[in-house]
Amino acid sequence: MKVAIILGTRPEIIKMSPIIRECDKQGIDFYILHTGQHYSYDMDRIFFEQLKLPEAKYNLDVGSGKHGEQTAKMLAGIEEILLKDTPDVVLVQGDTNTVLAGALAASKLQIKVGHVEAGLRSFDRTMPEETNRVIADHISDYLFAPTENSKQYLLNEGIPEEKIFVTGNTVVDAAYQNLEIAKQTGNVLETLGLKEKEYFAATAHRAENVDSKERLGGILSGFSQIYEEFGLSIIFPAHPRTVKMIREFGFEIPEGTKLIEPLGYLEFLQLEGGARLILTDSGGVQEESCILKVPCVTLRDNTERPETVDVGANLIAGTGEKIIECARKMLESDLNWENPYGNGDAAELTTKNINLMRKSNTMEL
Ligand code: UD1
Ligand code: UDP
């Protein structure tokens with residue numbers, strides 16, 4: 001069996017890393033196809049280095065662009081590669097334009113598609129990610145749902161049960177595999193002059209937030225109120241998209257907020273783990289805060305990770321006045337919630353199920 005692992009952005013590299021390691025361990029023939037959706041050193045290369053991942057065999061270097069343009073370039077590029085280096089299975093992870101292009105290119109060539117992190121739904125079609133994940137799910141042959149809840153969403157949409165496997169989320173595998181390595185490699189708290197549980201950590205990059213002057217302004221003023229009330233600084237490693245928009249809108253960084261460059265994964269895991277509270281609009285960061293037992297306030301109007309809210313690890317604040325209210329509530333919460341995303345064996349279950357499915361398909365033939 002030959003597997004093509006298609007990825008292109010920061011979270012895909014991180015969440016695919018346990019699957020790449022598992023393929024290596026099991027001697028599965030695989031290659032990595034990088035679309036180049038992310039390309040800056042601290043959004044791309046650093047993760048290959050820190051996670052000791054093999055080089056991508058192909059990199060399409062598509063870079064940034066409008067949705068149609070970016071996705072179309074990927075689609076054409078991926079098709080070319082799949083035609084000349086044809087795998088039995090293509091794996092995509094998550095909900096980015098890379099996922100849509102990868103799943104679509106493979107599906108049109110009748111190559112089996114496995115969607116890792118299938119079945120997430122925000123039910124908000126204004127998010128580009130919702131369109132990507134819905135389409136990817138419906139054209140996939142193997143759907144690796146992180147929870148029973150995500151499996152149920154897929155069943156509700158008529159996807160046959162035999163295609164769905166509940167595996168947990170590889171975000172847990174990645175965190176567990178790298179926490180100890182992170183501690184051994186350095187101490188980001190010391191580097192940034194921070195004390196454990198005496199700061200907040202924040203990220204924001206969702207298009208619907210940072211491309212809107214009102215919503216990005218709302219987030220920054222939420223940070224300002226938080227600093228005023230709790231006197232703890234907010235460490236904000238900002239995505240390049242966010243930095244660009246802060247400049248474009250001419251926003252000042254409020255007192256108490258420390259805007260820094262994006263961190264490597266090993267450093268970011270430490271920053272998250274040491275924080276008193278996390279404020280974010282990131283999908284992966286909502287999950288990681290839940291895993292690391294750090295309360296989270298989500299800077300969005302909805303989430304496709306409702307499990308984090310259900311277990312009491314997360315509150316949905318939006319980008320306005322509710323930020324401070326939710327921060328107050330989460331700071332008082334007990335930290336004894338269960339991690340709903342599995343034990344860290346999602347990658348193993350994923351590859352095992354692909355092998356089983358491949359075997360049963362071959363027998364049918
Ligand atoms: C993309 C995904 C989003 C995911 C995020 C992870 C889509 C539609 N969006 O959003 O779901 O949560 O990645 O971080 O697929 N930029 C750089 N360097 C880079 C990459 C981007 O400077 O390496 C800047 C460019 O100005 C670019 C902007 O960030 O225009 C947005 O990049 P893009 O990949 O289009 O979307 P993300 O916001 O990163
Ligand atoms: N992350 C990182 N450095 C940072 C911010 C985030 O390594 O400065 C990691 C984080 O640990 C998580 C992933 O990036 O695993 C989340 O990616 P992002 O927020 O860009 O995308 P999303 O999860 O929302 O798709």
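Counting starts at 1 for both ligands and their atoms, in listed order.
The protein non-hydrogen atom at the shortest distance from atom 1 (N) of ligand 2 is F268 CD2, 3.6 Å. Atom 23 (O) of ligand 2 has as its closest protein heavy atom G284 N, 2.8 Å. Atom 3 (N) of ligand 2 has as its closest protein heavy atom L263 O, 2.7 Å.
Contacts with ligand 2 closer than 4.0 Å are made by side-chain heavy atoms of R206 only, the backbone lying farther away. Contacts of Y265 with ligand 2, taken as heavy-atom pairs under 4.0 Å, involve both backbone and side chain. Only the side chain of E288 comes within contact range of ligand 2, with a heavy atom under 4.0 Å; no backbone atom does. Contacts between E267 and ligand 2 below 4.0 angstrom, taking non-hydrogen atoms only, are absent altogether.
Residue F47 has at least one heavy-atom neighbour below 4.0 Å for each of these atoms of ligand 2: 7 (O). Each of the following atoms of ligand 2 lies closer than 4.0 Å to a heavy atom of I14: 7 (O), 9 (C), 13 (C), 14 (O), 15 (O). For ligand 2, the atoms sitting less than 4.0 Å from at least one non-hydrogen atom of P237 are 8 (O), numbered in the order shown with element in parentheses. Atoms of ligand 2 lying under 4.0 Å from any heavy atom of S282, numbered from 1 in the order shown and given with element: 16 (C), 18 (P), 19 (O), 22 (P), 23 (O), 24 (O). Every atom of ligand 2 with a heavy atom of G283 under 4.0 Å away is listed here by number and element: 22 (P), 23 (O), 24 (O).
Residues Y153 and F165 do not share a hydrophobic cluster, clusters being chains of Ile/Leu/Val/Met/Phe/Trp/Tyr side chains in contact below 4.5 Å.
Checked by atom type, the side-chain pair T96/E129 shows no donor-acceptor distance below 3.5 Å.
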(message) Evaluate E22 against K352 for salt bridge (Lys or Arg N to Asp or Glu O under 4.0 Å), listing each step before the verdict.
(response) CA-CA 10 Å; E22 195 58 35; K352 208 157 102 190; over 6 Å; no
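For K15 and E117, the salt-bridge test passes: some basic side-chain N is under 4.0 Å from an acidic carboxylate O. In summary, R276 and E198 do not engage in a salt bridge, as defined by a charged side-chain N under 4.0 Å from a carboxylate O.
Considering T98, I6, D44 in turn, D44 is the only one that fulfils the side-chain contact (heavy atoms from CB on, under 4.5 Å) rule with H34.
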Which side-chain N or O atoms in residues 56-63 pair as donor and acceptor under 3.5 Å with protein atoms at least two apart or in another chain?
{"residue": "K57", "atom": "NZ", "partner": "D85", "partner atom": "OD2", "Å": "2.7"}
{"residue": "Y58", "atom": "OH", "partner": "D85", "partner atom": "OD2", "Å": "2.5"}
{"residue": "N59", "atom": "OD1", "partner": "D61", "partner atom": "N", "Å": "2.9"}

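For ligand 1, the 4.0 Å heavy-atom shell contains residues T9, P11, Q37, H38, Y39, S40, M43, S64, H67, Q70, D95, T96, N97, E129, H205, R206, H239, P240, R241, K244.
Residue-to-ligand polar distances place R10 within reach of ligand 2: an N/O pair is separated by less than 3.5 Å. At under 3.5 Å, not a single nitrogen or oxygen of P11, backbone or side chain, sits near a nitrogen or oxygen of ligand 2.
Between the side chain of R300 and the main chain of N302, a donor-acceptor pair closer than 3.5 Å is present. Side-chain atoms of N353 do not come within 3.5 Å of backbone N or O of L356 as any donor-acceptor pair.
Counting non-hydrogen atoms of other residues, nucleotides and ligands closer than 6.0 Å to NZ of K293 gives a total above 12.
F249 pairs by the ring pair (Phe, Tyr, Trp, His ring centres under 6.0 Å) definition with F251, not counting sequence neighbours. With sequence neighbours left out, the side chain to side chain donor-acceptor pair (under 3.5 Å) criterion links E325 to no other residue.
To the nearest 0.5 angstrom, D173 atom CG is 8.5 Å from T167 atom OG1.
Within the 4.0 Å heavy-atom cutoff, G264 counts among the residues contacting ligand 2.
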